[in-house]
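These notes are about the structure you will find just below.
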2 protein chains.
Amino acid sequence: MTKAEIVAKIAEKTGVEKGAAQAVVESFMDIVKTSIKADEPVYLRGFGSFIKKTRKAKKGRNIKAGESIIIPEHSIPAFKPAKTFLGELK
Amino acid sequence: MTKAEIVAKIAEKTGVEKGAAQAVVESFMDIVKTSIKADEPVYLRGFGSFIKKTRKAKKGRNIKAGESIIIPEHSIPAFKPAKTFLGELK
DNA sequence: AACATAAAAGACACAAAATGTCTACCCACA
DNA sequence: TGTGGGTAGACATTTTGTGTCTTTTATGTT
């Protein structure tokens with residue numbers, strides 16, 4: 001399912017005009033990104049939370065060259081699904 | 001940041017009425033959940049993808065009782081952040 | 001506007017699964 | 001038309017997830 005498809009479904013379900021729905025969805029993505037970058041979690045009850053997490057340095061490898069490589073410590077956006085979501089999925 | 005807060009920001013940025021924005025966001029969450037449950041990935045270019053993944057069975061432990069427990073194989077909703085998102089975060 | 005309800009985070013130990021690295025090609029979304 | 005993202009492949013180490021209870025906080029309802 002792509003962005004265009006989900007926007008179409010949202011418009012259909014909510015009655016909101018397609019253009020407006022797309023603007024809302026894109027704004028949503030943008031705000032979540034901005035918020036995570038600012039290290040502020042986004043909490044969506046019944047769905048899940050977006051949180052900035054830190055990954056410790058780790059050994060990876062350059063597949064092409066076959067050599068060991070050190071992946072430095074870095075931050076990632078993590079999604080923690082809500083318990084209700086997990087329950088519906090089991 | 002909570003749902004109410006993000007809805008307010010979206011309304012402010014897009015000009016879409018707050019009530020409509022909230023309906024869109026909630027519909028968005030609902031559709032993503034439904035799609036994942038149907039094992040259909042949701043691709044959001046520039047943001048990330050939601051995919052249903054399978055976790056293999058694993059040993060955990062009941063902290064309270066201190067006993068080993070087997071966590072059976074199960075499905076989870078995974079979020080894979082877009083490369084651009086990761087780049088902005090590093 | 002305030003209250004009641006329900007949902008989520010945190011914390012504990014530990015074993016095994018999952019991750020993430022690079023490169024390049026190809027397809028499909030925007 | 002341009003570019004973002006999936007895919008594959010090897011391997012060491014980090015991360016994960018379990019149950020339960022408490023406390024905090026959002027949600028929506030009277």
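Reckoned from all heavy atoms, side chains included, excluding hydrogens, waters and symmetry mates.
Separating the CD1 atom of Ile70(A) from the P atom of dC22(C) is a distance of 13 Å, rounded to the nearest angstrom. Straight-line distance from the CD atom of Glu67(A) to the C1' atom of dC11(D): 14 Å, rounded to whole Å. Rounded to whole angstrom, the span from the CE atom of Met1(A) across to the P atom of dC29(C) amounts to 13 Å. For the pair Lys64(B) NZ and dG19(D) P, the interatomic distance rounds to 13 Å; values are reported in whole Å.
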Query - Trace of the side chain to side chain contact (heavy atoms under 4.5 Å, CB included) decision for Val42(B) with Leu44(B) - result: CA-CA 6 Å; Val42(B) 178; Leu44(B) 297 173; 4.2 Å; yes
Query raised in the report: After noting the C-alpha distance and the side-chain angles of Ile69(B) and Arg61(B), does the key distance pass the side chain to side chain contact (heavy atoms under 4.5 Å, CB included) rule?
Result: CA-CA 5 Å; Ile69(B) 282 188; Arg61(B) 47 180 13 228; 5.7 Å; no
Requested in this report: Carefully, step by step, assess Thr54(B) and His74(B) under the rule side chain to side chain contact (heavy atoms under 4.5 Å, CB included).
Outcome: CA-CA 6 Å; Thr54(B) 299; His74(B) 63 291; over 6 Å; no
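Annotation: of the two residues near DNA chain D, Lys83(A) and Ala4(B), the 5′-most nearest-nucleotide partner is Lys83(A).
Without hydrogens or angle criteria, Thr14(A) side chain to Ile10(A) main chain gives a donor-acceptor distance under 3.5 Å. Between the Glu5(B) side chain and the Thr2(B) main chain, a donor and an acceptor come within less than 3.5 Å of each other. A donor-acceptor pair under 3.5 Å is absent between the side-chain atoms of Ser35(A) and the main chain of Ile31(A), judged by distance alone.
A salt bridge links Glu88(B) to Lys37(A): at least one charged side-chain nitrogen sits closer than 4.0 Å to a carboxylate oxygen. A salt bridge links Glu26(B) to Lys3(B): at least one charged side-chain nitrogen sits closer than 4.0 Å to a carboxylate oxygen.
Residue contacts shown for Ser68(B) are absent, as no nucleic acid heavy atom lies under 4.0 Å away.
In this structure, the nucleotide among dG6(D), dA9(C), dG28(D) sitting nearest to the side chain of Lys80(B) is dG6(D).
One finds a side-chain N or O of Ser49(B) lying less than 4.0 angstrom from the OP1 or OP2 phosphate oxygen of dG6(D).
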With 3.5 Å as the limit, what N/O pairs link the protein to nucleotides 13-18 of chain D?
from    : atom 1 : to       : atom 2 : distance (Å)
dT15(D) : OP1    : Lys56(A) : N      : 3.0
dT16(D) : O2     : Lys58(B) : NZ     : 2.4
dG17(D) : OP1    : Arg55(B) : NE     : 3.1
dT18(D) : O2     : Arg61(B) : N      : 2.9
dT18(D) : O2     : Arg61(B) : O      : 3.0

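Interface residues of residues 13-47 of chain A facing DNA chain D, ordered by number: Tyr43(A), Arg45(A); criterion, heavy-atom separation under 4.0 Å.
Residues Phe50(B) and Phe79(A) bring their aromatic ring centres within 6.0 Å.
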